[in-house]
Every structure is written in C-alpha cells, then in structure tokens.
Amino acid sequence: QVQLVESGGGLVQAGGSLRLSCAASGRTFSNYAMGWFRQAPGKAREFVASISRTGTSTYYSDPVQGRFTISRDNAKNTVYLQMNSLKPEDTAVYSCARSGLSGAPTNSYNYNYWGQGTQVTVSS
C-alpha cells in the first residue's frame, strides 16, 4: 500500500514563496511519475505539475508555468513543489499523487494514489 503525505502548506502574502513536500512510502517510488494537483473551494480539481520517474521530464499548467518548479529526490522518496511569486488565485488544497506510468501525465485519471492534501492560502 502506498501512502503519500504532504507538508509545507500555510498562509503567505502575495508575491511570497512556499515549498511543498510529499513523502511516499514503499520501495517503488522511483518507478513512477508523480504529480501535483490543486482544488480551490467550489472548483474542480486541476493539474498543476508533473514529473517523470527519473525527473528528466516535467510539465506545468499554464497558470503556474514560470513560477512553480516540481522536483524529486528518489533517494528520499520525496517530490517537491517550489512555488514562487504566489498569487491569491493560487489559494487551494494542494495534493500530490502517484501515477501508474513512468512518464509525466497531466490527467488525474492516470494517477492511482493520492495524498490528503495541504492547504495553501495566499493573501492579497
């Protein structure tokens, strides 16, 4: 059974930065792509970023491109999301997910394990 635990969320002013972490259990972390998704109140869950199993391929949604960076440390079974130049519209619950694929898919249906999420609130 795979467990994903996010940390690093919180309250930050617009223009600030946060770094989210997602620690995964299990010995197969390096075999699969990882992704970050977010869900704001009253809105559907949306893709934020994904990274291939080796970290060589990354993808970002248009709203975060150039501001967010996804990375992973396979030795630590951890994936990160560095968020810079935060905006109030980035406020959401951020969840990490593990894909059943080795690439870096952007659709949520390609992910089969999900964390509980961490709240990110950006004040104006």
Side-chain angles (χ1 to χ4, degrees):
Q1 186 70 15
V2 175
Q3 290 187 324
L4 304 174
V5 180
E6 301 94 339
S7 61
L11 173 64
V12 64
Q13 288 187 333
S17 299
L18 283 175
R19 188 194 196 201
L20 305 183
S21 299
C22 172
S25 64
R27 292 176 288 181
T28 59
F29 178 79
S30 61
N31 291 347
Y32 302 103
M34 297 293 295
W36 286 96
F37 293 78
R38 67 186 183 185
Q39 187 167 19
K43 295 187 177 180
R45 182 168 58 195
E46 65 172 348
F47 168 76
V48 175
S50 61
I51 186 167
S52 62
R53 69 177 187 90
T54 61
T56 54
S57 295
T58 57
Y59 295 96
Y60 299 91
S61 65
D62 287 344
V64 309
Q65 178 74 49
R67 300 187 296 122
F68 291 11
T69 302
I70 188 171
S71 61
R72 66 189 296 162
D73 185 337
N74 287 342
K76 295 182 178 180
N77 278 18
T78 301
V79 62
Y80 305 96
L81 185 68
Q82 177 67 44
M83 305 185 295
N84 299 328
S85 301
L86 283 161
K87 305 175 181 180
E89 52 263 44
D90 294 318
T91 295
V93 174
Y94 285 71
S95 299
C96 68
R98 199 200 82 170
S99 172
L101 307 175
S102 60
T106 61
N107 283 308
S108 60
Y109 60 72
N110 284 314
Y111 291 83
N112 45 18
Y113 293 99
W114 294 81
Q116 291 296 312
T118 184
Q119 176 70 47
V120 171
T121 303
V122 184
S123 63
S124 58

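Values reported hereafter were calculated over all heavy atoms of this structure, with side chains retained and with hydrogens, waters and symmetry mates removed. These figures come from a predicted structure and were not determined experimentally.
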* side chain to side chain contact (heavy atoms under 4.5 Å, CB included) evaluation trace for Cys22 with Trp36 -> CA-CA 9 Å; Cys22 172; Trp36 286 96; 3.7 Å; yes
Working to the nearest 0.5 angstrom, can you tell me the gap between [X] [atom1] and [Y] [atom2]?
X: Ser124; Y: Gln13; atom1: OG; atom2: CD; answer: 9.5 Å
X: Ile70; Y: Gln82; atom1: CD1; atom2: CD; answer: 12.0 Å
X: Arg98; Y: Phe29; atom1: CZ; atom2: CZ; answer: 9.5 Å
X: Asn77; Y: Ser25; atom1: CG; atom2: OG; answer: 8.0 Å
X: Leu4; Y: Thr78; atom1: CG; atom2: OG1; answer: 10.5 Å

Can you hop from [X] to [Y] via hydrophobic side chains spaced under 4.5 Å?
X: Val2; Y: Ile51; result: yes
X: Tyr94; Y: Tyr59; result: no
X: Trp114; Y: Val48; result: no

| request: State whether the side chain of Thr91 and the backbone N or O of Val122 hold a donor-acceptor pair below 3.5 Å, judged by distance alone. | output: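 It does hold such a pair.
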Counting distance only, does the side-chain N/O of Ser50 pair as donor-acceptor with the main-chain N or O of Gly35 below 3.5 Å?
->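 No, the answer is negative, given that no donor and acceptor are paired below the 3.5 Å cut-off.
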If you count every heavy atom of other residues, nucleotides or ligands that lies below 6.0 Å from [X] atom [atom1], does the total exceed 12?
X: Tyr60; atom1: OH; result: yes
X: Gln39; atom1: CD; result: yes
X: Gln3; atom1: CD; result: no

If I compare all heavy atoms of [X] with all of [Y], which pair ends up nearest, and what's the gap?
X: Pro105; Y: Ser99; value: CG-OG, 3.5 Å
X: Cys96; Y: Val79; value: CB-CG1, 4.5 Å
X: Asn74; Y: Arg53; value: ND2-O, 3.1 Å
X: Gly115; Y: Ser95; value: O-OG, 4.1 Å
X: Phe37; Y: Thr106; value: CE2-O, 3.9 Å
X: Gly117; Y: Val93; value: CA-CG1, 3.9 Å

Evaluate the side chain to side chain contact (heavy atoms under 4.5 Å, CB included) criterion for residues Arg38 and Glu46: first the C-alpha distance (whole Å), next the side-chain angles of each, then the deciding distance (0.1 Å), finally the verdict.
CA-CA 5 Å; Arg38 67 186 183 185; Glu46 65 172 348; 2.5 Å; yes
Close side-chain approach of [X] and [Y], heavy atoms under 4.5 Å:
X: Glu6; Y: Leu20; result: no
X: Met83; Y: Val120; result: yes
X: Leu101; Y: Tyr111; result: no

Trace of the side chain to side chain contact (heavy atoms under 4.5 Å, CB included) decision for Phe68 with Leu18
CA-CA 10 Å; Phe68 291 11; Leu18 283 175; over 6 Å; no
Derivation and outcome, side chain to side chain contact (heavy atoms under 4.5 Å, CB included), residues Met34 and Leu81: CA-CA 11 Å; Met34 297 293 295; Leu81 185 68; over 6 Å; no
